Amino acid sequence: MLGGPKGVTGMNVRTSGTAVTADSRRSEGPLGGAVPTPAGEQDALGTGLGLDPDDLPDGLVVADESGRVICFNAAAARITDILPKDAVGRPLEHALPLQDIEGRRWWRLTDPYGGLAIRRGQPERNLLLGGREVLVSVRYVRSRPTGPVQRLVIALRGTEARRRTELSHAELIATVAHELRSPLTSVKGFTATLLQKWERFTDDQKRLMLETVDADANRVTRLIAELLDISRIDSGRLEVRRQRVDMSAAVRRHVQAQTTAGQRPDRFLIRMLEPLPDLWADPDKVDQVLGNLLENAVRHGEGTVTIEVGPVSDTTSAEGTSVTVSDEGPGIPEESMSRVFTRFWRGSKRGGTGLGLYIVKGIVEAHGGTITVGRAPAGGAQFRFSLPVATPAFMA
């Protein structure tokens, strides 16, 4: 309910399709007749700040003590596809003919002006309006706790955002189920085989099976860690435990890990622009960012992978350290760059969950930094992230 200060008079409050005056009892309606204005209308529609109901982001519909619509804002018109002039002054049941999922008329079902006098409203629920879904919540305004209803204040919201969220969750579940099925099938198959036929295999065969099981278990562990990171990022609970980070050493360590895994040492070029400012960040999460960007460059790029580390050169930004990872592959199409850091984006069909860069962006932003994507001088993809110097955790 939009409430205004008591005792204020002489204020005009605009609503879509009608005008209500605080010191008048009736006003001219859109249908040419007089629309009754109950006492206290100023408290319902005026805030003392000149607030127009059309400024509200959600739909607002207000019905008076007789059940006639006295306010129908622009957002409500957009959500319901009903013109304010066709709603204001009409009985609520006809102006906003809502139905539940079973096709029953909702206003008759809930009977807001009758029934128990202790009711305060209706919680948000999904209802039907002319074949479209609308999220509706209602507040019953009474002059006293058990008195008659003086106004109904109805909030309307579209279902598009909820549907997108549900679709995203369904896609996440499907992706996780797909990614878990393969390694768990492998783990189950090898362990069952070893248990049943242990004596038939040589030591080398047993070692190969156990190494495969270990690799698949690590894959499951990484996926679970990604899911936990996504949950923390989405809820704003991603914790950053700042310690001093030597970015140069961290980059060299990750390059060494890539060469140990079989990559040619001459595929990597490290450029250090020193001196670097002292950097306080979460070392584990910095490793996660570097590991993901390097792995993407190796897996999806071609040619030399260049890692450049230096101080933030943008004079408009705070002091910090920037890291640029670029390759010489085909790069990312221009039309896809805006979607790189979204969930499930995959630059190629070479596998992966499509969650890595979404997590990388969340980690960088949790540090107060920025990350961008563009085209490298050699034509490949180029990722650059910057982290501010910040302060250690024990001083925060």
Side-chain angles (χ1 to χ4, degrees), residues 1-92 94-98 106-107 112 120-127 129-130 132-143 149-165 236:
M1 181 179 74
L2 300 175
K6 295 182 178 180
V8 179
T9 60
M11 180 181 298
N12 289 329
V13 182
R14 285 202 318 111
T15 65
S16 295
T18 187
V20 178
T21 307
D23 58 356
S24 67
R25 303 294 294 171
R26 300 174 67 84
S27 60
E28 192 69 12
L31 304 181
V35 178
T37 303
E41 196 63 67
Q42 169 62 29
D43 290 340
L45 302 177
T47 63
L49 300 176
L51 178 65
D52 188 336
D54 287 347
D55 295 335
L56 298 176
D58 292 336
L60 172 68
V61 180
V62 180
D64 64 12
E65 59 195 5
S66 66
R68 290 187 177 273
V69 175
I70 58 174
C71 176
F72 200 94
N73 74 345
R78 184 184 69 251
I79 294 169
T80 64
D81 201 23
I82 297 173
L83 296 177
K85 67 182 182 63
D86 296 331
V88 177
R90 298 184 64 197
L92 182 61
H94 300 301
L96 199 65
L98 296 168
W106 195 63
W107 296 118
R120 302 180 61 183
Q122 297 288 340
E124 186 176 73
R125 63 192 65 201
N126 201 356
L127 298 175
L129 180 65
R132 69 176 63 194
E133 295 182 355
V134 183
L135 297 173
V136 181
S137 59
V138 184
R139 172 73 182 276
Y140 300 167
V141 180
R142 304 176 186 272
S143 58
V149 172
Q150 287 192 328
R151 281 183 305 277
L152 290 186
V153 181
I154 303 131
L156 305 176
R157 292 197 300 130
T159 59
E160 293 80 8
R162 176 177 289 189
R163 186 166 294 145
R164 286 195 299 267
T165 300

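Only heavy atoms go into these numbers, but all of them, side chains included; no hydrogens, no water, no symmetry mates. Each residue takes its place number in the sequence, starting with 1. Everything numeric in this text was worked out from a predicted model, so none of it was measured.
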[atom1] of [X] to [atom2] of [Y]: how many Å apart, nearest 0.5 Å?
X    : Y    : atom1 : atom2 : value
L127 : R132 : CG    : CZ    : 14.0 Å
R139 : R151 : CZ    : CZ    : 10.0 Å
L135 : E124 : CG    : CD    : 4.5 Å
K85  : R90  : NZ    : CZ    : 11.0 Å
F72  : T80  : CZ    : OG1   : 3.5 Å

Main-chain N/O of [Y] paired with [X] side-chain donor or acceptor, under 3.5 Å:
X    : Y   : answer
N73  : P53 : yes
W107 : H94 : no
R68  : G89 : yes

Closest heavy-atom pair and its distance - P84, A77: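 P84 and A77 have their closest heavy atoms at CD-CB, 3.8 Å.
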Non-hydrogen atoms of A63 and L92 that approach each other most closely: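 The pair with the smallest heavy-atom distance is CB-CD2, 4.2 Å.
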Verify side-chain contact (heavy atoms from CB on, under 4.5 Å) between L129 and V136, making sure each step is shown before the conclusion. CA-CA 10 Å; L129 180 65; V136 181; over 6 Å; no
Does R142 have any side chain to side chain donor-acceptor pair (under 3.5 Å) partners at least two apart in sequence or in another chain, and if so, which?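 Per chain and number, R142 pairs via side chain to side chain donor-acceptor pair (under 3.5 Å) with no residue.
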Residues in side chain to side chain donor-acceptor pair (under 3.5 Å) contact with D58, at least two apart in sequence or another chain: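 Residues passing side chain to side chain donor-acceptor pair (under 3.5 Å) with D58: none at all.
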List in chain and number order the residues that pass side chain to side chain contact (heavy atoms under 4.5 Å, CB included) with I79, two or more places apart in sequence or in another chain; answer none if no residue qualifies.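 Here the qualifying residues are V134, L156.
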Determine, stepwise, if the pair C71 / V88 fulfils side-chain contact (heavy atoms from CB on, under 4.5 Å). CA-CA 6 Å; C71 176; V88 177; over 6 Å; no
Is the shortest side-chain heavy-atom distance between L96 and V69 below 4.5 Å?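 No, too far: nothing below the 4.5 Å cut-off.
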Report the residue from I154, L152, V149 that forms a side-chain contact (heavy atoms from CB on, under 4.5 Å) with P112.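 Running side-chain contact (heavy atoms from CB on, under 4.5 Å) over I154, L152, V149 with P112 returns exactly one hit, L152.
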Regarding Y140 and Q150, do their side chains bring together a donor and an acceptor under 3.5 Å, going by distance alone?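 Not at all, the side chains of Y140 and Q150 share no donor-acceptor pair under 3.5 Å.
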